[in-house]
There are 2 protein chains.
Amino acid sequence: MAQQLTRNQSLVLDVLTHAEGPLSAYTILDKLRDHGFRAPLQVYRALDKLLEFGMIHRLESMNSFVACSHPDHHHHDHGVTAFAICEDCGQVTEMHDAGIEERLSVLAGREHFKTEKTTIEIRGHCQNCTSG
Amino acid sequence: MAQQLTRNQSLVLDVLTHAEGPLSAYTILDKLRDHGFRAPLQVYRALDKLLEFGMIHRLESMNSFVACSHPDHHHHDHGVTAFAICEDCGQVTEMHDAGIEERLSVLAGREHFKTEKTTIEIRGHCQNCTSG
DNA sequence: ATGCCACACGTTATAGCATAACGCAATTGA
DNA sequence: TCAATTGCGTTATGCTATAACGTGTGGCAT
């Protein structure tokens, strides 16, 4: 069941997995120069696949990427994800909630809108950075 | 109460108001060349102000901007907005729902996260483009 | 009036994000 | 074997956004 990754895909996933927070494609590129990466496309192609496999997420509001925090069950099997993004430390928390999905589904249905992909991103300050 | 706009701000808002769907900053720039616009910053500065005034919205998932569909009450007085974006025709529907706000508030609270700004964008297909 | 300040503006340059288009190599499967 | 698919590498290009500088104007306290 576990997706067999190519070398490039593994390298990119590895960088994201070990990162503190979200990374831009170009930051990933820089981190992989020693491994032979030379061009943005090498990163973007790997990112596209990893997104497709559900192993990483794209944060639209900051043009960057994070490893999925639920590495166990891939392949889209978790529904809508909401991200809490701390603007101070950059940390990202992944959240799931059936109530939200339900509510969004109702909203979309009311407009006869067929949902393909839902993005929920909350910018703000995490507990650590608030208390400090 | 109505915000007094500068010439540039008015021009940009006007373009967005009369547009079919969301526009990128550079598309706006092109549409305003005849009015003396020559550089991206002229557009971005106006956009920043209009966002601040709550007169337009930024769609993070497509790096573009739309006029707010509730021109009456500006100044942030409407809460979280969810956008339904049709990938076929580009049309954007603005939706508000107290239930969603409530649910997101609970989620954030659970993580002791202080929310500053919330982005909800649903990509998919609108009624027209689905039926056809 | 003078001087100061805040703000919008215009311009040039640059930084950051993403994809088009080409060709090559390896794999798969009819 | 041959064609189709997929990943890869490279070059070039396009799109999105901001930095940094200077100008002009209007308000306003002195």
Side-chain angles (χ1 to χ4, degrees), chain A residues 2-16 19 21-53 55-66 83 85 87 90 92 117 119 121 123, chain B residues 2-16 19 21-53 55-66 83 85 87 90 92 117 119 121 123:
Chain A
Q3 183 64 35
Q4 183 56 31
L5 300 180
T6 68
R7 171 183 156 81
N8 284 5
Q9 288 160 16
S10 295
L11 287 168
V12 168
L13 178 59
D14 206 59
V15 166
L16 282 174
L23 300 178
S24 76
Y26 277 71
T27 302
I28 296 171
L29 174 58
D30 285 340
K31 288 182 181 296
L32 287 176
R33 294 217 186 263
D34 294 346
H35 294 272
F37 275 51
R38 329 220 96 237
L41 257 197
Q42 295 175 280
V43 177
Y44 281 109
R45 289 205 269 234
L47 288 172
D48 283 346
K49 281 301 181 185
L50 293 171
L51 284 170
E52 186 184 321
F53 300 153
M55 292 172 169
I56 65 173
H57 299 286
R58 177 190 173 88
L59 300 179
E60 306 283 358
S61 67
M62 53 192 309
N63 297 324
S64 58
F65 305 83
V66 281
F83 299 94
I85 305 168
E87 303 200 310
V92 174
K117 184 178 187 305
T119 298
E121 297 179 18
R123 310 294 297 259
Chain B
Q3 182 67 35
Q4 184 56 31
L5 299 181
T6 67
R7 170 181 157 81
N8 284 5
Q9 288 159 15
S10 295
L11 287 168
V12 168
L13 178 59
D14 206 57
V15 166
L16 282 174
L23 300 179
S24 76
Y26 278 71
T27 301
I28 296 171
L29 174 58
D30 285 340
K31 287 182 182 295
L32 288 176
R33 294 219 185 263
D34 294 345
H35 293 270
F37 275 50
R38 331 220 94 238
L41 258 197
Q42 295 174 280
V43 177
Y44 280 109
R45 288 204 270 234
L47 289 172
D48 283 346
K49 283 299 180 187
L50 293 172
L51 284 170
E52 186 184 322
F53 300 153
M55 292 171 170
I56 65 173
H57 299 286
R58 177 192 173 85
L59 300 179
E60 306 284 357
S61 66
M62 51 192 311
N63 297 324
S64 59
F65 304 84
V66 281
F83 299 95
I85 305 167
E87 305 201 308
V92 174
K117 184 178 186 306
T119 298
E121 296 178 18
R123 310 294 298 259

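Atoms considered below: every heavy atom in the structure, side chains included; atoms not considered: hydrogens, waters and symmetry mates. Numbered from 1 within each chain, the chains take letters A, B, ... in sequence-line order. Remember, predicted model here, so these are calculated numbers, not experimental data.
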- Side chain of Glu121(B), backbone of Glu60(B): donor and acceptor closer than 3.5 Å? yes
Next on the checklist: With a 4.5 Å cut-off on side-chain heavy atoms, are Asn8(B) and Phe37(B) touching?
Outcome noted: yes
Within the pair Asn63(A) and dA18(C), is there a side-chain N or O less than 4.0 Å away from OP1 or OP2?
yes
4.5 Å side-chain heavy-atom contact, Leu32(A) and Gln42(A): no
query: With side chains defined as the heavy atoms from C-beta onward, is the minimum distance between Leu50(A) and Leu5(A) less than 4.5 Å?
result: yes
Residues at least two apart in sequence or cross-chain that pass salt bridge (Lys or Arg N to Asp or Glu O under 4.0 Å) with Arg123(A), listed by chain then number, are Glu87(A)
Rounded to whole Å, CD of Gln4(A) lies from C1' of dT27(C) at a distance of 14 Å
Per the under-4.0 Å heavy-atom filter, residues of residues 27-44 of chain A near DNA chain C come out as Leu41(A), Tyr44(A)
From CG of Asn8(B) across to P of dT11(C) the rounded distance in Å is 11 Å
Close side-chain approach of Ile56(B) and Val12(B), heavy atoms under 4.5 Å = no
Residues Arg58(B) and Leu51(B): closest non-hydrogen pair is N-CD2, 3.7 Å
Chain A reaches DNA chain D, atoms under 4.0 Å from its heavy atoms, from dG7(D) to dT11(D)
note: Arg45(A), atom CZ; dT19(C), atom P; distance rounded to Å ~ 12 Å
In whole angstroms, the gap separating P of dG16(C) from OH of Tyr26(A) amounts to 11 Å
Quiz prompt | Beyond-backbone contact of Leu29(B) with Pro40(B), side-chain heavy atoms, under 4.5 angstrom | solution = yes
Here the distance between atom C1' of dA26(C) and atom CZ of Arg7(A), to the nearest Å, is 16 Å
